[in-house]
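What follows is a short report on a single structure.
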Number of protein chains: 2
Amino acid sequence: MDCDELDCFLILATELHFGRTAERMRLSRARVSQLVQRLERRVGAPLFARTSRRVALTTLGRRLRDDLEPHQRGIKAAMARAIASAKGIDEVLLVGFTNPLTGEAVVKAAEAMRGRHPDVAVEICEVPFNDPFGLLRQGEFDVQLTAFPVRESDLDAGPVLLSEKRTLAVHKGHPLAGRGEVTVEDLAGVALLDFEGEPPSYWRDFHAPPRTPSGREIPRGAAVGNFQEALTLVGAGKGALLSPAHAADYHPRPNVVYVPLAAEPVDYGLVWRAGDENRAVRAFADTARKVVA
Amino acid sequence: MDCDELDCFLILATELHFGRTAERMRLSRARVSQLVQRLERRVGAPLFARTSRRVALTTLGRRLRDDLEPHQRGIKAAMARAIASAKGIDEVLLVGFTNPLTGEAVVKAAEAMRGRHPDVAVEICEVPFNDPFGLLRQGEFDVQLTAFPVRESDLDAGPVLLSEKRTLAVHKGHPLAGRGEVTVEDLAGVALLDFEGEPPSYWRDFHAPPRTPSGREIPRGAAVGNFQEALTLVGAGKGALLSPAHAADYHPRPNVVYVPLAAEPVDYGLVWRAGDENRAVRAFADTARKVVA
DNA sequence: CGCTTCGTTCACTGACACTGAACGATCGCC
DNA sequence: GGCGATCGTTCAGTGTCAGTGAACGAAGCG
């Protein structure tokens, strides 16, 4: 059992793209292809259904990804803890982020923490797109930087740290693609991609509102469990997606156009378990408020 | 993060011996040494306190081992499940064993299962010495071949499958070492190694009885969490240990003598969760009863 | 004070991790 | 429908590093 194969599999399972996976692993595309093939040979069945244009997980692949991911994260956390306690650090703070923008902010805050609170080690990891709060609840994360609104009785939220405009991601052939700006009212009749899993209804309604302000219906399209998956569907003309503005820079896709949306912006802030607001969490929240601006 | 390093670390953490670890990993001792050193360099502190005669986990090492082990097992299980379901197998049975003797029996039964019940995949793994039933309860195992007695209200046990004599493992300088046989009465005043964790009291009393038949006290020595650890202590003259007879063949140690014990033998049988006696468990129990003899 | 059993060091080598270039496929587009 | 772009795969080549065996020092034992 080779770690490279598993790492590669898990990255590809979220990126669904050999090129980007190769970039993230700092390898050539050829090598990524070989690693995935070797893992598939070991398992004895394909984990990805792929053409030269599209990569998707098979049922078996999805299952394996779900089985593997928590343990892979657990091993990373165990190593981080060991390294931290070898340095004489007594507290390890696991911080989650949800997209490239929040990722950058969290990295910046973590760097600042090293100077201000050297006794707290900050470990950073991406929050799976599916259930936004599950891992935080389970204790896999201590804090995470998430898009508001967050209305969970067992979670506390800090002030807004970031804010950005929203956009509508549509296929470039879509009638709205040429517009300089769209309003929520324009979304009437435009199928917005839905979310797998069971996200809280207020969360779902914020990211894929069911009606326009005037009450006209906004239908819901296919459900996705992954941002890359969503973009692939948008690129295939299978639905539209409300996404934060930074996606245009971080996730350019040939067939996807991001049209500015005239609506309230997305706010981001830190969230933690209501009971567990310890010194390290407060220190991080403090640092983040001062650094992210 | 290299898998070899972690595998090597975990094996060494239970074997506490570079030579045996090398054997199990099918590598040279030199390589094992290098792998452990690289992991320690990565962590930034020693994981083992070792002289040329003795290997022991540091506190940090023990912690890392406890953190890592469940995830390592989880990954193996995930791969096994994927491989099994790629073969069209719909049921995976996780079988545990507790020592080399039961290990061989389980392997034999598993091989027989392949012929009798090809739709059930049998996965085999060693049960950690510490808490004998924890992993079975957690569902990490479905069945395990364990030494009786087992008196747990939530676990069911099958008939006795194996039985073997017991021995007393003592330092070769010990007064009892020269005897051709010892009785439980002879143990009066002989410190028997105790067990870490919180084993059930009937279990503890069977493996390290507190009194002789006539009522004289058998003191308890240092607590160990591991058979290798126990043998190391016995080899250092730090206590004696009641062990099954096969240990003499499978765990010879320069300073340790195994003296036959005139007492009831150890019985072994299968144990499973009382509620979960499904078709696969019954099939395995059946096969084991016929094959192991 | 030899003898044995360990873990470690070190120079060496063969396997294989990894690459770049070429290739075939699948799109969109004029 | 042909052209260009994008993407995953194949393949031969190469540099690296995983892994070894031999030598060594430390530690215990008699």
Side-chain angles (χ1 to χ4, degrees), chain A residues 2-9 11-13 15-23 25-41 46-57 171-174 177 228 231-238 251-257, chain B residues 2-9 11-12 15-41 46-57 171-174 177 228 231-238 251-257:
Chain A
D2 185 10
C3 263
D4 275 1
E5 286 173 22
L6 301 186
D7 277 349
C8 190
F9 164 71
I11 295 182
L12 184 60
E15 290 288 354
L16 296 177
H17 190 285
F18 280 72
R20 282 194 297 275
T21 304
E23 231 173 285
M25 293 207 65
R26 309 183 167 214
L27 290 177
S28 65
R29 263 185 305 163
R31 184 79 191 130
V32 171
S33 179
Q34 290 163 4
L35 284 170
V36 171
Q37 277 174 328
R38 207 171 57 181
L39 183 63
E40 285 177 324
R41 197 144 24 87
L47 300 168
F48 296 95
R50 46 196 187 274
T51 68
S52 72
R53 303 302 290 178
R54 209 185 304 285
V55 179
L57 277 164
H171 187 264
K172 63 176 162 187
H174 194 277
Q228 308 297 342
L231 284 186
T232 305
L233 285 185
V234 172
K238 297 268 164 60
H251 302 291
R253 293 289 184 105
N255 298 328
V256 175
V257 175
Chain B
D2 184 11
C3 261
D4 274 1
E5 287 174 21
L6 300 186
D7 277 349
C8 191
F9 165 71
I11 294 181
L12 184 60
E15 290 287 353
L16 297 177
H17 190 286
F18 280 72
R20 282 194 298 274
T21 305
E23 230 172 289
R24 276 181 61 175
M25 294 207 66
R26 306 180 171 219
L27 289 177
S28 64
R29 263 185 306 163
R31 186 74 191 136
V32 171
S33 179
Q34 290 163 6
L35 284 171
V36 171
Q37 277 174 331
R38 208 170 57 182
L39 183 64
E40 286 178 324
R41 196 143 25 86
L47 299 168
F48 295 95
R50 48 195 186 275
T51 68
S52 71
R53 301 303 289 178
R54 208 186 303 287
V55 179
L57 278 164
H171 186 265
K172 63 176 162 187
H174 193 277
Q228 307 298 340
L231 283 187
T232 305
L233 285 185
V234 172
K238 297 272 164 58
H251 301 291
R253 293 290 184 106
N255 298 328
V256 175
V257 174

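Naming: A, B, ... by sequence-line order, numbering from 1 per chain.
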Q: For dA17(C), take OP1 and OP2 only and decide whether either is under 4.0 Å from a side-chain N or O of R38(A).
A: yes

Q. How far apart are the C-alpha atoms of T232(B) and R253(B), what are their side-chain angles, what is the distance that settles it, and do they pass the side chain to side chain contact (heavy atoms under 4.5 Å, CB included) test?
A. CA-CA 9 Å; T232(B) 305; R253(B) 293 290 184 106; 3.7 Å; yes

Q) When you measure from the side chain of H17(B), which nucleotide among dC18(C), dG19(D), dC6(C) comes out closest? A) dC6(C)

Q | Distance-minimising heavy-atom pair for L16(B) and L57(B) | A | CD2-N, 4.2 Å

Q) OP1, OP2 of dT8(C) versus side-chain N and O of S33(B): anything below 4.0 Å? A) yes

Q.
Reading DNA chain C from 5' onward, which residue's closest nucleotide shows up sooner: F18(B) or Q34(B)?
A. F18(B)

(Q) Over all strands shown, is V32(B) touching base, sugar-phosphate only, or nothing at heavy-atom distances under 4.0 angstrom? (A) nothing

(Q) Is there a side-chain contact between R54(B) and the phosphate of dA26(D), meaning an N or O under 4.0 Å from OP1 or OP2? (A) no

Q.
For R38(A), is there an ion pair with D2(A) - N to carboxylate O distance below 4.0 angstrom?
A. yes

(Q) With a 4.0 Å limit, can you tell me whether R31(B) has a side-chain N or O closer than that to the phosphate oxygens OP1/OP2 of dT8(C)? (A) no

**Q.** Nucleotide nearest S28(A) (side chain, heavy atoms from C-beta), chosen from dT19(C), dG7(C), dG8(D)
**A.** dT19(C)

Q.
It should be established whether Q37(B) places a side-chain nitrogen or oxygen under 4.0 Å from OP1 or OP2 of nucleotide dG7(C).
A. no

(Q) Using side-chain heavy atoms (C-beta onward) and a distance below 4.5 Å, is L12(A) in contact with F18(A)? (A) yes

Q. Closer than 4.0 Å, any side-chain N/O of K172(B) to the OP1 or OP2 of dG28(D)?
A. no

